[in-house]
There are 4 protein chains.
Amino acid sequence: MASIDPVTLRRELHRHPEPAWREFETTARLVSHLESLDLDALYVGPEAIEGDHRLAVPDDDEIERWFDRAREAGADPDVLDRLEGGYTGAVAVIERGDGPTIGLRVDIDGLPQLESDDDEHRPAAEGFRSETGESMHACGHDAHAAIGVGTLEAVADSDFEGTLKVFFQPAEEVIGGGKSMAKSEHIEDVEYLYALHVGLDHPTGTVVAGIDDFLAVRHLEATFTGEPAHAGATPQEGRNAIQALATAIQNCYAIPRHADGPTRVNVGVVEAGDAANIIAEEAHLVAEVRGQTTELMAYMSERVERTLRAAAEMHDCEVEIEIGAEAPSAESDDELREIVAEVAESVDGVDTVVHQSALGGSEDATFLMKEVQDNGGLACYVGVGTDHPGGHHTATFDVDEPTIRHGIDTLSAAIEAIPNADR
Amino acid sequence: MASIDPVTLRRELHRHPEPAWREFETTARLVSHLESLDLDALYVGPEAIEGDHRLAVPDDDEIERWFDRAREAGADPDVLDRLEGGYTGAVAVIERGDGPTIGLRVDIDGLPQLESDDDEHRPAAEGFRSETGESMHACGHDAHAAIGVGTLEAVADSDFEGTLKVFFQPAEEVIGGGKSMAKSEHIEDVEYLYALHVGLDHPTGTVVAGIDDFLAVRHLEATFTGEPAHAGATPQEGRNAIQALATAIQNCYAIPRHADGPTRVNVGVVEAGDAANIIAEEAHLVAEVRGQTTELMAYMSERVERTLRAAAEMHDCEVEIEIGAEAPSAESDDELREIVAEVAESVDGVDTVVHQSALGGSEDATFLMKEVQDNGGLACYVGVGTDHPGGHHTATFDVDEPTIRHGIDTLSAAIEAIPNADR
Amino acid sequence: MASIDPVTLRRELHRHPEPAWREFETTARLVSHLESLDLDALYVGPEAIEGDHRLAVPDDDEIERWFDRAREAGADPDVLDRLEGGYTGAVAVIERGDGPTIGLRVDIDGLPQLESDDDEHRPAAEGFRSETGESMHACGHDAHAAIGVGTLEAVADSDFEGTLKVFFQPAEEVIGGGKSMAKSEHIEDVEYLYALHVGLDHPTGTVVAGIDDFLAVRHLEATFTGEPAHAGATPQEGRNAIQALATAIQNCYAIPRHADGPTRVNVGVVEAGDAANIIAEEAHLVAEVRGQTTELMAYMSERVERTLRAAAEMHDCEVEIEIGAEAPSAESDDELREIVAEVAESVDGVDTVVHQSALGGSEDATFLMKEVQDNGGLACYVGVGTDHPGGHHTATFDVDEPTIRHGIDTLSAAIEAIPNADR
Amino acid sequence: MASIDPVTLRRELHRHPEPAWREFETTARLVSHLESLDLDALYVGPEAIEGDHRLAVPDDDEIERWFDRAREAGADPDVLDRLEGGYTGAVAVIERGDGPTIGLRVDIDGLPQLESDDDEHRPAAEGFRSETGESMHACGHDAHAAIGVGTLEAVADSDFEGTLKVFFQPAEEVIGGGKSMAKSEHIEDVEYLYALHVGLDHPTGTVVAGIDDFLAVRHLEATFTGEPAHAGATPQEGRNAIQALATAIQNCYAIPRHADGPTRVNVGVVEAGDAANIIAEEAHLVAEVRGQTTELMAYMSERVERTLRAAAEMHDCEVEIEIGAEAPSAESDDELREIVAEVAESVDGVDTVVHQSALGGSEDATFLMKEVQDNGGLACYVGVGTDHPGGHHTATFDVDEPTIRHGIDTLSAAIEAIPNADR
């Protein structure tokens, strides 16, 4: 089996970041590496996901633009053809005799933001900065994918007995890909599932044996439609979509807190109107709600929807509300936490094992975790610390590369430990 | 002197609409026609306007894009070179012996909106629809320019004694060009000024001898800057520019009415934020205020500014406010109203003369009117009715072409009448 | 006929101010003086007004409290009995041969506010300050009533031929009494109507021959009802009437201006909630809308109502809206303006005659004016200037007493002039 | 020692409920009963509390009104004289040999609300409904006081060795009395402290060994002052306190949630304006903020204050903010929880022992708990279940009386257990 240096792979992926559902070159590059391994099965694109359950898919033009870019960049056309239309991702499988079926989920997408070209930013200084000019691996999914490949290789080389499936999931940043993998047949027989994230303010050398408190999340988009009018000559004839928008925003943030647990609401994007002198006909907003539980998220969602509708009515506008991507809440299981904590103690370079930590954000790994748990299995979300100079989602985010080895060692050990624990 | 059919000219201009400060092809085409006339002087671009007083100038890229487009469309390169950087417009002069100096101001810019391609829309049906794919003469400035040329020609052919200056003004739609012409030397000796507008809900056959109640107007842009934060993980660390925006909008519309006369406020454009899950760092709005008098407009402007600042402070954001284009209020003088009313009675096709009418909107012809009036001269804003199927600034706006002849006949007669009245 | 010094009468009334529909002592005192005159008819209380059309009537307890106070103060019990339940006011009539029927409307109510006891405030210094401890003639209706009696006496003493009816109208301050007098039979045969007001920023010595631009007005009250909840333990269970209230207020003020003319909106009173730690179950507001025309007022009223309903819905509350008192807009007739202007020139002490002036406020004299005009008659609202140290409706408002004589002289002359003009 | 039936005492107190800092009759009645016991010390009124640290004290008139009422009701004048000015409450002490000093805190105030007179409401049916016509024991403090007296008596009758101090605390409902007792000398030597509450949705027969998650709380009052103006004639001259109020309310509720834990905000009372036609000069609000920790409460408080100030500025008003009563957060100590849980198992009638429960509300017992804990002692807040037909703070709240015995038995046992545990 050909060995791939995971740091080299991470840097290769880092140079070619692609946002959600546009991971064409990324998938092709991963497939090319995976094919060099001794796999028992490799599912690519539409075979890896349940396409109908993709969430937050961008429009066709945007998908096509990135598809063309990947083709021009020289991505393997055979793989590319299988991904057409934005069906990205892969599932790689090794079967090693009789034993439990274990999943490892890693995400592979980048973010639509410009990477720093500052000399202090290592990818810039050392020549592996993003080459796209518009996207960036600013959340470490390049390292996640490299850990996925490395763990697969490590487990394959061990005396592991059982089946390992590594899910290279697209579109995590828009909470769009988790559901499509959770709905695929590949998850059905998974008895144990690991997912991972690097960083999250944990320094290099730390392993978190179970990150928790993922908030359930839902995205909503709303478009208010009123009636344009000349703001000077006939202001009374307008039905002002911007006034509806402003009223909605103010009141969405003012939805009452809930005593049962944390809730969140954010209107993150607004866009409206054409000209200073025209009463705006149309106003658009993108919002999200979260809750500690799926019920609390639903409470927020319902209130936001009522607020949007009443704001429209107040200003005699129509409003169309579109429910977008969403992810449930989930918790790590203690049995797997313990396994991770135990194996991490022996990993070279790991000096601290944290037994639990809350995220406060959301993750669509929860779709896969819940699916496995609902099927009677166990799941655990593992944190692998990394010193990151800039925060997640900022232009100077970077992964401290020893982290990659810590991730591979911890996860391969945690996977290999299960057949024994299982007995 | 070569005669130009004004309807043909109007259709030619209609096919090539260019928005404010980007009237490259338009100016070149007008210059080409004007040069065929027996003028005493022709000032083009920077010679026609006082460049430092241009308001609401778009950014360089945008100007360059339209400049390149005009060049590619085959506009006269000699003229184009003189307009580079967005110094558009022209002033054409005829001197016919001893007599008063009279100005006629017409505007020449189009709007950044798509024209209807419906079969019922005459420009589409008869093949003179906008060819740019992104702009349109949706307010009749194509007809205004044609009337300007036609009037010049008609007066030149008459026994008029005096000087006539026709101001082909750019950038009226953004109230950006009037000031630059009012500050130019060409206005200084103008003793009588006419300006005109077609339509405004007056049907074909009507002439309005003095449109009034132009509201003074000012544009404001504001950018709120806060601090981004992850909306799920650390909402308390954000300083939310979208909340500041919403609070500002609600309170701007709620500025008290003023007993001294009509006031207006509109937030016409908003744009903010990057992603549903990020507390917005930046929010931008474009607003305008108006007042029956310049004082009332200033009252509104001051209140809007205070509201914006307090909204920023409330949400711990900064706000940068930019005062944009503006125009004063102005009134037509009775002496000129009477001349217009009298000559219009004899114009072929004119069946109704309205002695006064209020606009309720704004116009930067008021800069020129006030300048002339401040210098001791007289000014009158003339309405020339036209049956327009769609409203001003809509995709199906069109000019009923007999209007163009009514305009030329009325204005040339009104110009020619002054030397006699003046004696 | 016993003569009453009008300044003495004004001071007597000033000491006993009573608010709307509680003018028991006031009516009794006026009746006592009127009975000493040589009247042809005197209608008191329910005979003077159409009781079903009283607007903005306070609750029974409040009426009874003032009724008892009047009784205790020694008001004539025979008159009082006729006023029971808040049917106040009077109409006094003199008939002098054959001639036109002319009305004069004066209002008689005070305001529920404390009068200044400052030494610089003449009523305090000279001993005729309000004795009620809770109400005040802060708008000059004491002077109006005195002018009404004085004018009646002056006309009675002249060689006037015709019928004069003086309407002593209750409840103007709440725009509650005008309608009840306009609906009474007494107005039906009135061919000419004068109404008057002192002050309004016109100094002593000025007469305004026709105040105009009374805005049509309507009062609205709204009560939001939600669900209380403990703000700490179960905030999500509340339906917050105070949030509905705040949203409604913000959006009421933001109702678009109307191009057809001035509009107004004000939320003047709010009251809500019981305790800091309880989500408010109930919130109450009192608002008013105005418009230059009755249509513009209706536009505002409709928008306010929609805003209130949508605000309730947004916060899952109910809202009950009560339409309160209202008054139409009205204009003075030129014929009467001219008469007033002409006679005022000769009045001793009047040095300035203003031919027209806009009020910008509202007045329910418009009910009577419109009724007379609708019946084919003419109406004129006359201003009588007075130097007033404090503004109307402030604790230091006072009438400069020579004004009273100016009012009597102007109005009696204007009344006496009609039979001649009428011929 | 004379025995007092605690149910009889509870009903006696229930008939005479007095709100915060007005517990004159209540204190006098308690003192009268306490004096019949074999106490070692009894501190009354100003001796029991540190008067300078009273919070949320009502105004003098209100205090005097209830003082007079108590005197008229026949309360012991000797006791009353000591309470004058609103220094209520008492501390009763028994010393029984050498042993630890233990405190028990009970609160004694009622609420300013009308009690139900429905036949289904037992106090009404059985003749011990509130006799004041304006206040009610709607939160069980009558039972608390009775349990305090009963526990004192029970412990006195036992072979307890140590010192017991029962704190009869005033003004809990306004979180106004806790601080004044925590600052008194009586708390200084307390090594163990119990506090208790009946009900809170726990049924009769349940004991909660440690209620937790008291939110820290702070009250704020704000008064906006603008400039009045006539809403019709000169709206632009007003500085509208009601607009400032509405803007403030909307934005207070929209203060971002905090990831560190629960926060709360409520504007519970608003009052503003005088008349529909006057732009409001003054607007008043009463608000509260809470947080899981004192820091989170301070975060909310700071944001509310900034919001209030910016809202004032936006509408050119002044705002005066008054920080009112507040209470810190606190937690029960495990050692005492265990003692309570253990003894409760043996209490007759107690069938369920809950080991921990969150309140979600606030309580100023936390002042005393923190004081004891800061001094190195232990504290525990005990819940005693009661079936209550109506919710706390509603007109039909009632205590199921067997609860009183459960409370006495549990607390006296928990107190008696300490000297043994302490050894």
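Here is how names work: the chains are called A, B, and so on, in the same order as the sequence lines, proteins then strands, and each is numbered from 1. Computed from a predicted structure; not experimentally measured.
Centroid-to-centroid, the aromatic rings of C:His197 and C:His202 stay 6.0 Å apart or farther.
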query: Between C:Gln169 and C:Asp364, does a side-chain hydrogen bond (donor to acceptor under 3.5 Å, both in side chains) hold up when you go through it step by step?
result: CA-CA 10 Å; C:Gln169 184 204 299; C:Asp364 67 359; 2.9 Å; yes
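Inter-residue side-chain proximity for A:Arg306 and A:Leu308 is flagged as unmet; no heavy-atom pair is nearer than 4.5 Å.
Of the two parts of C:Ala311, the backbone and the side chain both hold a non-hydrogen atom closer than 4.5 Å to a non-hydrogen atom of chain A. Proximity to chain A (any heavy atom under 4.5 Å) is shown, for C:Asp316, by both the backbone and the side chain. Heavy atoms closer than 4.5 Å to chain A are found in the side chain of C:Arg303, but not in its backbone. Using a 4.5 Å cut-off between heavy atoms, A:Gln250 contacts chain C through its side chain alone, with no backbone atom that close.
Remark: side-chain polar atoms of A:Asp212 are paired, donor with acceptor, to backbone N or O of A:Ser332 under 3.5 angstrom.
Remark: the C:Ser180 side chain and the C:Arg54 side chain contain no N/O donor-acceptor pair separated by less than 3.5 Å.
Ranked by heavy-atom pairs shorter than 4.5 Å toward chain A, the options C:Arg309, C:His258, C:Glu313 are led by C:His258.
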